[in-house]
Structures are given as structure tokens and as C-alpha cells.
Student: 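So that we are looking at the same thing, I have put the structure below in C-alpha cells.
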Amino acid sequence: MQVPTPIILSLCAYLIEPQGTKLWLLHVGNLECDEAWFKRGGGTSTLSNPNPARERRKLIMVSVLIEHPVDGLILFETGSGKDYPEIWGAPINDIFARVDYSEDQELDVQIKKTGHDIKNVKMVVIGHLHLDHAGGLEYFRNTGVPIYVHEKELKHAFYSVATKSDLGVYLPHYLTFDLTWVPFSGSFVEIAQGLNLHHAPGHTPGLCILQVNMPKTGTWVFTTDMYHVSENYEESVPQGWLAREHDDWVRSNQMIHMLQRRTGARMIFGHCAKALEGLKMAPHAYE
Ligand SMILES: [Zn+2]
């Protein structure tokens with residue numbers, strides 16, 4: 001049987017593992033908030049328990065630096081940026097509070113640990129444009145470094161801020177015209193050999209997860225906030241107050257579970273410290 005060329009090409013995209021690719025997990029901060037933001041029904045009162053204890057959870061912020069043999073240094077997401085509690089202002093910085101901070105968690109310092117300089121980053125890929133993932137774009141103003149993001153996410157972020165329909169999770173601070181925005185569209189894009197973006201709407205309309213095929217450690221999937229913590233993925237618990245399009249989230253959840261089954265991928269969620277246990281942050285490089 002003859003297999004059509006487009007099918008062969010899309011299969012290849014899943015399988016390519018460019019030799020020489022390295023990957024670092026960058027620890028770019030810690031937040032603390034009420035778990036009902038990211039777990040549906042967290043802390044809900046009932047007739048038998050009208051005043052349940054509120055659960056507060058610590059969330060880790062992670063970016064990923066990839067040294068690619070063809071395309072150079074690629075950064076996936078940027079954390080919150082410098083001095084973000086002041087930039088966010090009240091009440092956001094009280095709801096999503098910065099905790100356990102050290103200067104070591106600044107994006108440029110984390111990249112230094114890998115032996116690289118933030119000035120040598122060749123492209124930035126944003127999974128979604130919420131403030132704790134895109135605030136660090138400020139480092140790339142007037143640099144000409146392309147900022148890849150799904151067309152739907154870019155439009156939604158600017159619209160949400162301009163009309164104030166979802167202002168707070170998106171901020172005008174980094175939605176500026178001195179950044180080199182490069183939108184892409186569709187459900188699947190191979191952004192570089194072995195680096196695949198899958199559109200996974202739900203938490204936001206243009207959210208994309210990143211699949212990285214590594215030569216020695218196999219497939220990694222970085223879900224950004226499609227899943228904040230492991231329970232969102234492992235128990236299919238949707239987000240709480242941070243949920244937006246529920247049916248889209250359910251469809252994306254199915255797609256990602258299938259992707260994981262097909263590839264055996266290691267899953268890294270948007271903010272889950274537990275899922276990172278046993279993994280090493282920069283300067284340790286994965287191959
Ligand atoms: Zn987040």
C-alpha cells in the first residue's frame with residue numbers, strides 16, 4: 001500500500017530527534033495561591049461542611065532553554081520578568097503572591113547557569129501569554145528576536161487587555177509593539193527539527209504545548225498551563241477560577257493523553273513542583 005506523502009511527513013515530525021540537542025529546566029520563581037484557582041471545586045462548601053479549610057498551594061515557575069544543533073538557542077516561555085510584584089500591583093500580587101524569592105531565579109541569571117547568555121537566544125516560543133509566562137518578554141524589546149506564538153493567542157491577549165475583558169491574567173506591560181511578534185496558526189507546527197507545537201485551547205484560546213524529541217532522554221512534553229498541576233492531567237480535573245473554555249479544554253485533554261500514550265513522553269506541567277521531583281534544574285543539561 002502506498003502511504004501518502006503528507007502522512008509520512010507528519011509521522012517524521014514526531015520521530016525526529018536531532019543529535020546534539022540539549023535542554024535545561026530553568027527555575028524562574030515561586031508563587032502561592034488558593035488552589036481553587038487551578039483545581040475545579042477546591043474548597044467548595046457543602047451542607048455538611050459549610051466552612052471547609054481553604055487550601056493554599058505553592059506553584060513553581062519554569063522556563064525551558066533548548067540548545068538546538070540547527071536553530072541555536074530556543075527559549076520556551078519567560079516567567080514573570082523583573083520586579084513583577086510591583087508591575088502586577090494589587091490585588092494580583094496578593095492573590096498570586098511571590099514567595100521564596102531569590103535573585104538566582106531571574107531569567108537572565110538562570111540562563112547564565114547553562115553557560116549561555118540571554119543575548120544569544122535566537123527565538124522565543126510562548127505557550128500562552130498569561131503574565132507569569134510572558135512577563136519576561138521585556139528582555140527581548142527592540143532586539144529583533146522572533147517571539148513565536150499562536151495567532152489566536154496573540155489576538156486574544158491584545159483584545160483582552162484593550163477591552164479589559166480579561167485584564168489581569170494578561171497585562172499591557174509585555175504586549176508591546178517593540179517585540180518582534182511572529183504568529184503561527186493551525187493545530188500543529190514543527191517550529192524546529194524535533195520541536196513540535198500542538199494547539200491545545202481551553203485554558204486560553206491559543207495555548208500550545210511543546211513536544212521536544214531528545215536524542216537520549218526521549219520525548220518531553222511541556223504543557224504550560226493546559227495543566228497547572230499533575231492532578232489536572234492525571235485525574236482530568238479542570239481548572240477552577242482560571243478555567244475559560246471548558247469543552248475546548250476537554251478536547252485538548254484527550255489529544256494530550258493520546259500524544260503521551262503514543263510517544264511515552266515525560267510530562268512537565270505549568271507549575272507543578274511535585275512533577276519536577278527527581279529532575280534536575282539548570283545547570284544540569286538533559287540530552
Ligand atoms: Zn501560569
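Just the heavy atoms: all of them, side chains too, but no hydrogens, waters or symmetry mates, feed the values below. In each ligand, atom 1 is the first atom listed, and ligand 1 is the first ligand listed. Note that the numbering runs from 1 along the sequence shown for the chain.
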Student: Considering all heavy atoms of both residues, which atom of His199 and which atom of Cys208 are nearest to each other, and what is their separation?
Tutor: CA-SG, 3.8 Å
Student: Short check: any N/O/S atom of His271 below 2.8 Å from the Zn ion (ligand 1)?
Tutor: yes
Student: Give the ring-plane orientation class for Trp37 versus Trp241, where under 30° counts as parallel, over 60° as perpendicular and anything between as tilted.
Tutor: perpendicular
Student: Of all N, O or S atoms in Asp132, identify the one at the shortest distance from the Zn ion (ligand 1).
Tutor: OD2
Student: Within 2.8 Å of the Zn ion (ligand 1), is there any N, O or S atom belonging to His133?
Tutor: yes
Student: Answer yes if the side chains of Gln211 and Asn213 hold a donor-acceptor pair under 3.5 Å, and no otherwise.
Tutor: yes
Student: Looking at Asp225, Asn232, Asn30, Thr224, which one forms a side chain to side chain donor-acceptor pair (under 3.5 Å) with His271?
Tutor: Asp225
Student: Restricting to N, O or S atoms, which atom of Asp225 is closest to the Zn ion (ligand 1)?
Tutor: OD2
